[in-house]
Amino acid sequence: MRTDQILTRLERVFARLDREPERPAHLQTPQMSRHRVVLLGSTLAFYLAIVVAVLTTSWLVRLDWQIMFFRPYEQWPQLHAFLDYLVVLGQRGPTAVMVAAWLGWRSWRQHTLRPLITLGVALLLLNITVGSVKLGLGRLGPHYATEIGSAELFAGGDIFPSGHTANAVVTWGILAYLASTGVTRRVLSVVSAVVSLSVGATTVYLGTHWVSDVLLGWSAGLLILLALPWFEPLIARTEAYVFDVRELLRRRAETGRMPVPVVSVLTPLLSAGGKWQLRTPAEAAADTAAEPVPQPVTATVTAAATVTAHSPTARPAAHPAGRPHMIRSERTPVTPNGSRRPAHTERATARGAAARPVAGG
């Protein structure tokens with residue numbers, strides 16, 4: 001497909017996004033309120049408590065083994081077929097595609113890229129936080145356990161915390177986070193909570209996760225949802241940056257050459273106030289225009305010479321060209337206060353008498 005055809009199709013997509021948003025006037029971006037901070041701190045404390053309980057092989061690890069020996073999938077085998085499909089609601093690929101399709105339609109209708117960018121940021125945080133803990137602790141699952149009563153840590157596994165559970169919390173919870181009204185937000189919060197709880201319990205039923213894996217997965221996903229308001233400025237700047245790039249591509253398609261501000265597009269990270277932050281091309285161009293223009297070298301040297309010549313503390317030049325050099329005995333050094341020779345009171349003449357010469361004779 002040719003480049004101009006691709007740009008034409010992108011232009012059709014962004015044409016609708018250029019219109020004014022159709023969101024309710026009272027809807028505001030979620031803020032990090034005091035209530036949310038309290039919930040974040042409580043969830044973080046619960047998260048750390050679960051990790052410590054597993055590291056110390058406490059009662060929680062014994063509960064894991066008891067439920068594993070109970071084998072729920074053998075107690076209720078009639079549920080196995082249904083729960084095999086239900087657990088798909090926690091898998092990354094299918095859930096991300098479904099939620100991204102819904103949020104893409106929301107972006108199209110509300111003329112903003114914020115829903116899709118928010119989903120991308122949440123999934124990125126999920127991969128970083130959950131993935132690092134999985135690989136760092138290396139816990140084995142119930143089907144691969146080697147020692148009864150052991151926590152099975154640092155054995156090369158990757159099931160602590162439960163990725164299915166954390167993904168269900170984040171993927172379905174993001175719908176409630178981006179809800180347009182308060183009623184819709186409450187309803188979607190209940191739906192996402194039921195789905196994430198069901199997915200976590202299903203993994204325990206199938207024997208693929210310990211109970212402590214599911215508890216840590218629930219808290220890990222909830223931490224990401226509670227911390228999202230801190231990333232709202234980054235989401236807004238990313239959206240503005242995407243629109244600026246689109247504008248530059250459109251100008252290139254119209255004029256046949258890349259505009260000058262493309263340099264700021266290629267280098268979006270500019271230092272401002274000692275901190276690195278994402279800068280849009282328009283802001284980068286404005287900052288570049290505000291910088292002082294360097295003066296030519298000759299003008300700088302001339303200005304420096306002028307200031308030196310009129311400075312009160314400037315030292316006099318050695319001797320101008322063409323002036324004969326005088327030996328030290330033929331000249332008297334002159335200072336701003338006169339001659340450096342001390343005054344002699346005995347040489348002072350009486351009033352009206354002729355003055356004697358000071359030097360020579």
Side-chain angles (χ1 to χ4, degrees), residues 39-40 42-76 79-80 82-96 122-123 125-127 129-145 149-155 157-174 176 189-226:
L39 288 178
L40 180 65
S42 303
T43 306
L44 181 60
F46 180 77
Y47 183 97
L48 296 176
I50 296 297
V51 174
V52 172
V54 174
L55 288 174
T56 57
T57 316
S58 64
W59 61 269
L60 185 58
V61 176
R62 293 194 298 270
L63 178 63
D64 289 339
W65 280 97
Q66 291 174 0
I67 294 180
M68 192 274 287
F69 286 133
F70 181 71
R71 291 182 174 86
Y73 55 88
E74 293 182 356
Q75 303 295 328
W76 302 284
L79 299 177
H80 200 289
F82 171 72
L83 294 181
D84 270 340
Y85 290 100
L86 180 63
V87 78
V88 177
L89 296 178
Q91 291 183 358
R92 180 68 49 80
T95 56
L123 293 180
L125 292 175
L126 179 66
N127 289 334
T129 56
V130 174
S132 59
V133 176
K134 277 176 172 287
L135 298 178
L137 297 179
R139 192 181 191 187
L140 294 176
H143 292 320
Y144 302 95
S150 172
E152 301 295 333
L153 293 173
F154 311 109
D158 58 350
I159 56 99
F160 184 69
S162 171
H164 275 69
T165 306
N167 181 74
V169 174
V170 172
T171 306
W172 301 109
I174 202 70
S189 298
V190 174
V191 173
S192 62
V194 171
V195 171
S196 58
L197 290 174
S198 302
V199 170
T202 300
T203 60
V204 176
Y205 169 87
L206 297 175
T208 57
H209 280 287
W210 308 98
V211 174
S212 55
D213 298 343
V214 175
L215 294 177
L216 197 66
W218 281 332
S219 57
L222 187 58
L223 283 175
I224 294 174
L225 290 179
L226 292 174

Asker: Among residues at least two apart in sequence or on other chains, which ones pass side chain to side chain contact (heavy atoms under 4.5 Å, CB included) with Phe82?
Answerer: Leu86
Asker: Quick one: closest heavy-atom pair of His209 and Val214, and the distance?
Answerer: CB-CG2, 4.3 Å
Asker: Considering all heavy atoms of both residues, which atom of Pro142 and which atom of Met68 are nearest to each other, and what is their separation?
Answerer: CB-CG, 3.5 Å
Asker: Report the distance from atom CD of Glu152 to atom CD1 of Ile159, rounding to the nearest 0.5 Å.
Answerer: 9.0 Å
Asker: Using the salt bridge (Lys or Arg N to Asp or Glu O under 4.0 Å) rule, collect all pairs that involve residues 200-211, keeping only residues at least two apart or in two chains.
Answerer: none
Asker: Would you be so kind as to tabulate the donor-acceptor pairs closer than 3.5 Å made by side chains of residues 195-203, with sequence neighbours excluded?
Answerer:
from	atom 1	to	atom 2	distance (Å)
Ser196	OG	Ser192	O	3.0
Ser196	OG	Ala193	O	3.0
Ser198	OG	Val194	O	2.7
Thr202	OG1	Ser198	O	2.6
Thr203	OG1	Gly200	O	2.5

Asker: Just how far is it from atom CG of Leu216 to atom OG1 of Thr165, taken to the nearest 0.5 Å?
Answerer: 10.0 Å
Asker: Rounded to the nearest 0.5 Å, how far does CG of Leu60 lie from CH2 of Trp65?
Answerer: 13.5 Å
Asker: Once you measure the plane-to-plane angle for Tyr205 and Tyr73, does it fall in the parallel (<30°), tilted (30-60°) or perpendicular (>60°) bin?
Answerer: perpendicular
Asker: Nearest 0.5 Å please: distance from the CH2 atom of Trp218 over to the OG atom of Ser162.
Answerer: 9.0 Å
Asker: Just grab all the side-chain hydrogen bond (donor to acceptor under 3.5 Å, both in side chains) pairs involving residues 46-60, residues at least two apart or on different chains.
Answerer: none
Asker: I need the Leu123 CG to Ile224 CD1 distance, nearest 0.5 Å.
Answerer: 8.5 Å
Asker: Can you confirm whether Tyr144 is buried at OH, in the sense that more than 12 heavy atoms of other residues, nucleotides or ligands lie under 6.0 Å from that atom?
Answerer: no
Asker: Report all side-chain donor-acceptor pairs from residues 134-141 shorter than 3.5 Å, counting only partners two or more places apart or in another chain.
Answerer:
from	atom 1	to	atom 2	distance (Å)
Lys134	NZ	Asp158	O	2.8
Lys134	NZ	Pro161	O	2.9
Arg139	NE	Ala151	O	2.9
Arg139	NH1	Ser212	OG	2.6
Arg139	NH1	Asp213	OD1	3.0
Arg139	NH2	Asp64	OD2	3.1

Asker: Backbone N or O of Leu89 within a donor-acceptor pair of the Trp172 side chain at under 3.5 Å?
Answerer: yes
Asker: For the OG1 atom of Thr171 and the CG atom of Leu126, what is their distance to the nearest 0.5 Å?
Answerer: 7.0 Å
Asker: Please enumerate all residues that pass side chain to side chain contact (heavy atoms under 4.5 Å, CB included) together with Phe70, with sequence neighbours excluded.
Answerer: Pro72, Gln75, Trp76
Asker: In chain order, what residues pass the side chain to side chain contact (heavy atoms under 4.5 Å, CB included) check against Asn127, with sequence neighbours excluded?
Answerer: Arg92
Asker: In this structure, are over 12 heavy atoms from other groups packed under 6.0 Å from Tyr85 atom OH?
Answerer: no
Asker: Looking at every heavy atom in both Ile174 and Ala122, which two are closest together, and how far apart are they?
Answerer: CD1-CB, 4.1 Å
Asker: Could you go through Asn167 and Gln91, starting from their C-alpha distance and side-chain angles, then the distance that decides it, and tell me whether this counts as side chain to side chain contact (heavy atoms under 4.5 Å, CB included)?
Answerer: CA-CA 7 Å; Asn167 181 74; Gln91 291 183 358; 5.8 Å; no
